[in-house]
Amino acid sequence: MNLLHLETSKYLLQHANNPVHWWPWCDAAFEEAKRRNVPVLVSIGYTACHWCHVMEHESFENAEVAAYMNEHFVNIKVDREERPDVDAVYMDALQAIAGSGGWPLNMFVLPNRMPFYGGTYFPPQPAYNRPSWLQVLQSIQKTYASNVLQLESQADNLAAHLANAYQLVNKNKQNAAPIANAEMQATEALLAIADTEWGGFGNAPKFLQTGSILYLTRHHWFTNHAPSLAQAELTVQKMLMGGIYDQLGGGIARYSTDKYWQAPHFEKMLYDNALFISTLAELFGTTKKAEYAAAIEQTVNWLLREMKSEYGLFYASIDADSEGEEGKYYTWQAQELKELLGADYAIFKTVYQIEDEGNWEHTNILWRTKTWQVLANELALTELELQELIAKCHQKLLPYRQLRVFPEVDDKQLLGWNALLIAALASAGYHCNNSAHFSLAKQLWQAVHQHFQKTPCYFHTFTAGKAKIDAFADDYAYLIQAGIALANYTGERQYWLHAWDLQKKAIELFSDADGIYFYYTNQFQPVLVAKKVDTYDGATPCANSVFAHNLQVLGTVMGNMDWCQRAAAMVQGIGNGAIRYPNSFSGWSAWHQKQHFGSVEVVVWPTAEHSFEQILQQLQAIAPPYTVFVNAEIWQGETVTPALLEGKNRTSTTDYTLYICIQNTCLPPVNSIVSAAEILKARALAY
């Protein structure tokens, strides 16, 4: 019997009518495997995964294949976004077995949950130098029946390998490079793999790698190093011109299949768009180019239109497929566009490279390879005239597109991904001077605590009005980061206090045996194969690199030097990895960058004529990346105040007062932005 109809996950419900007798991840499934003495298949995927759907249609909906699976295996379906702990450990196992990974992840495990063999997509017939799915099943079943001791030995060896890998090989502090050299070495390593023609880093497929873009943007701010900003801008501009970015509706897809950013896998993930907004915000803050602020507006509007739930939270993702075809919702036939746009079609066709036979798989993806200025010159128009004409075309096409069959929306709402969006919106509010972004960030913060918090802890996922599964380390890390961002840019006390309390709770729940790093699962969650400590920054930053930043900021503001020292020890233990492979350790590289150039804290005493918000907007143009702002006024009369405020009193009854602290040294107060700028400029010249 298929038990997935009892679940809330959209991905699991998609498999509820398969003839496979699927179980959800639960103890009872493994007890059933022990009772029957059969191996367990753990099949992991997610709603927006194209090849997950392909394998379902080809194999899991096949009655003959399903009958074999039901007879010889206990079969478990897992939503990787709902159970990232299960996915992470079995993905590590697959990479140890095969040297690479991906989804769908099909892992064969013993009834004690120990993995012994796995793979990703398997076709229904032998192809692509891969056996068929049925052949794999038959081989596993035969070996289990005739030589289970061999499989148990494989599982033991694999478990030992994973346990050893999780012990952080680089905990030897002597491996760490001096901070003085780390920042520039990481910059050189990034630029060495940069695609200087099309943007990005490395070859296709190309992922967003927003951490690397931010790193280069900030490096330019500190050093005025032109190649760093040039590569950051080239990458983002090529994305915004490409098919990976939804030219009509806003929002960015997960990755491009080619080096040109033309053809994405069309799924849109909440976390990607949150991190992309953060990147656009800092680029706008650095360059003041309107195109970045416009892309933020368009992407936020898309989130509100297509991703916001009735609970005030945001959904996990939108599928790539509709009506059984990848990208069908987003692509166009030339004749279709011609009929809809009439006289404007000729220019639209030139701008977006529309071809009669299609520019991608017999259909057309909207994308540009030329800037608006170049196109306007070629078309004998002004840039404004061209953009207004294209905007008019968009206004015709978007409502028409909305009449199409919409792709499947994964309606689960995840704590960590919503927290990433809070931080992104707060950053956009600060860099773009946009109160609407702040308002949305605050609303989302309230919704997160209303629906995910079950005192004293939090849940990871919320679907159909129900929260479940204990939150993981990255959920806490991102939520603390969001609280710090709101505290930093709004000056409101509640966010500092909430972030402080959350960090104390995270230390209690997730600290590793040495009291330095953080386990991915809390102390009450069962251990699967081995207790994982994640230090790799992938599509999202890992919990530990985010915790390192959080500890350093909160420790500095609130006066807990143990937290600051713990953050430094975390970074020290990573060793040279953050320098040699900054793409994979972008969060750690950012910590080196901050320490190299000196962290900056600004204590602000506002006045009735000069509010905290107004002062912050003037400081935005001169304050370096990573600057922490504390509104001293909101702490007046409180029994507990940040240690950073000690001895920093208002020095004028008429003017605002600013205290600037650089690398734990606080300078005399100043009473104007001009004076503050002189201090920060003098500091910049010393870089």
Side-chain angles (χ1 to χ4, degrees), residues 2 4-20 22 24 43-61 77-84 87 102-105 120-121 243-246 248-255 257 263-274 299 302-311 313-332 361 363 365 398 400-414 417-418 421 461-466 468 539:
N2 190 323
L4 298 185
H5 65 282
L6 301 173
E7 296 298 303
T8 58
S9 159
K10 180 67 67 69
Y11 178 69
L12 299 185
L13 290 172
Q14 287 174 346
H15 291 77
N17 294 320
N18 294 167
V20 178
W22 291 116
S43 183
I44 305 173
Y46 58 102
T47 300
C49 170
H50 173 71
W51 287 101
C52 298
H53 298 317
V54 171
M55 190 164 180
E56 178 192 7
H57 297 322
E58 292 176 342
S59 296
F60 301 149
E61 293 178 352
K77 253 296 167 193
V78 174
D79 180 338
R80 69 172 290 257
E81 295 162 356
E82 189 174 73
R83 293 304 304 258
D87 174 68
W103 297 275
L105 166 56
T120 55
Y121 166 78
I244 192 173
Y245 184 76
D246 184 351
L248 282 186
I252 198 160
R254 194 163 74 91
Y255 69 96
T257 61
H265 273 312
F266 289 85
E267 66 264 37
K268 291 179 177 178
M269 317 297 293
L270 178 60
Y271 66 81
D272 278 324
N273 283 277
T299 300
W302 161 71
L303 286 165
L304 292 170
R305 185 177 65 249
E306 297 182 1
M307 291 282 276
K308 191 175 183 182
S309 79
E310 61 186 293
Y311 300 99
L313 302 167
F314 288 82
Y315 297 131
S317 64
I318 298 177
D319 205 336
D321 298 4
S322 58
E323 299 182 80
E325 293 183 26
E326 183 183 10
K328 185 172 183 179
Y329 182 79
Y330 301 100
T331 55
W332 299 85
E361 296 190 2
T363 187
I365 294 173
L398 185 58
Y400 179 85
R401 193 180 77 173
Q402 290 173 322
L403 299 175
R404 296 175 176 176
V405 176
F406 196 73
E408 192 83 42
V409 176
D410 187 346
D411 62 354
K412 70 173 171 289
Q413 295 126 91
L414 299 171
W417 296 5
N418 276 270
L421 182 57
T461 181
F462 180 86
T463 311
K466 180 182 179 182
K468 63 179 184 179

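The model shown is predicted, which means the values in this text are computed figures rather than measured ones.
Not counting sequence neighbours, the partners of His50 by the ring-ring contact (aromatic ring centres under 6.0 Å, His included) test are His265. With sequence neighbours excluded, no residue satisfies salt bridge (Lys or Arg N to Asp or Glu O under 4.0 Å) with Arg305. Partners of Thr120 according to the side chain to side chain contact (heavy atoms under 4.5 Å, CB included) rule, which considers only residues two or more places apart in sequence or in another chain, are Leu94, Arg130. Listed by chain and residue number, Ala16 satisfy the side chain to side chain contact (heavy atoms under 4.5 Å, CB included) test with His5 (two or more places apart in sequence, or in another chain). Partners of Ser322 by side chain to side chain contact (heavy atoms under 4.5 Å, CB included), not counting sequence neighbours, listed by chain and number: Lys328, Tyr329, Pro407. For Lys10, the salt bridge (Lys or Arg N to Asp or Glu O under 4.0 Å) partners at least two apart in sequence or on another chain are Glu408.
Interatomic distance, CG of Asp79 versus OG1 of Thr8, reported as 9.0 Å (0.5 Å rounding). Asp411 CG to Leu313 CG: the interatomic distance, rounded to the nearest 0.5 Å, is 11.5 Å. One distance of note links CG of Asp246 with CZ of Arg401; it measures 4.0 Å at 0.5 Å rounding. Summarising the geometry, atom CZ belonging to Phe266 is positioned 11.5 Å from atom OH belonging to Tyr255; distances are rounded to the nearest 0.5 Å. Here the NZ atom belonging to Lys468 is positioned 10.0 Å from the NZ atom belonging to Lys412, to the nearest 0.5 angstrom. Rounded to the nearest 0.5 Å, atoms CE (Met307) and CH2 (Trp417) are 8.5 Å apart.
Side-chain contact between Asp87 and Tyr46 is absent, with no heavy-atom pair separated by less than 4.5 Å. Looking only at side-chain heavy atoms (C-beta outward), Pro24 and Leu6 stay at 4.5 Å or farther from each other. Side-chain contact between Arg254 and Tyr271 is present, with at least one heavy-atom pair separated by less than 4.5 Å. Side-chain atoms of Gln413 and Phe314, non-hydrogen and from C-beta on, never get closer than 4.5 Å to each other. Contact check for Leu270 versus Leu421: side-chain heavy atoms found under the 4.5 Å cut-off. Contact of the Trp22 side chain with the Glu7 side chain is not registered, since no non-hydrogen atoms from C-beta on lie closer than 4.5 Å. Within the 4.5 Å cutoff, no side-chain heavy atoms of Glu361 are placed close to those of Glu325. By the 4.5 Å heavy-atom criterion applied to side chains, Arg80 and Leu105 are not counted as neighbours.
Contact between Asn17 and Asn2 at its shortest, heavy atoms only, is N-ND2, 4.2 Å. Contact record, Thr363 with Trp332: OG1-O, 3.2 Å, taken as the closest heavy-atom pair. When all heavy atoms of Ala320 and Glu267 are compared, the pair lying nearest together is CB-N, 3.4 Å. Nearest heavy atom pair, residue Gly45 against residue Cys52, reads CA-SG, 3.7 Å. Nearest heavy-atom pair across Ser317 and Ala48 is OG-CB, 3.8 Å.
For the residue pair Asn273 and Trp302, no side-chain donor N or O sits within less than 3.5 Å of a side-chain acceptor on the partner. Judged purely by distance below 3.5 Å, without hydrogens or angles, the side chains of Glu82 and Ser9 never pair a donor atom with an acceptor atom. With hydrogens and angles left out, the side-chain atoms of Lys77 and Tyr11 include a donor and acceptor closer than 3.5 Å.
Residues Arg404 and Glu323 are not paired through a salt bridge, judged by the lack of any N-O separation under 4.0 Å between the basic side chain and the carboxylate.
Taking the six-membered ring where tryptophan is involved, the planes of Tyr121 and Trp51 are tilted, since the angle between them lies from 30° to 60°.
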- Message: Before you tell me yes or no, could you show the steps for Glu56 and Asn18 under side-chain hydrogen bond (donor to acceptor under 3.5 Å, both in side chains), namely the whole-Å CA-CA distance, both residues' side-chain angles and the distance that decides it to 0.1 Å?
- Response: CA-CA 8 Å; Glu56 178 192 7; Asn18 294 167; 3.1 Å; yes
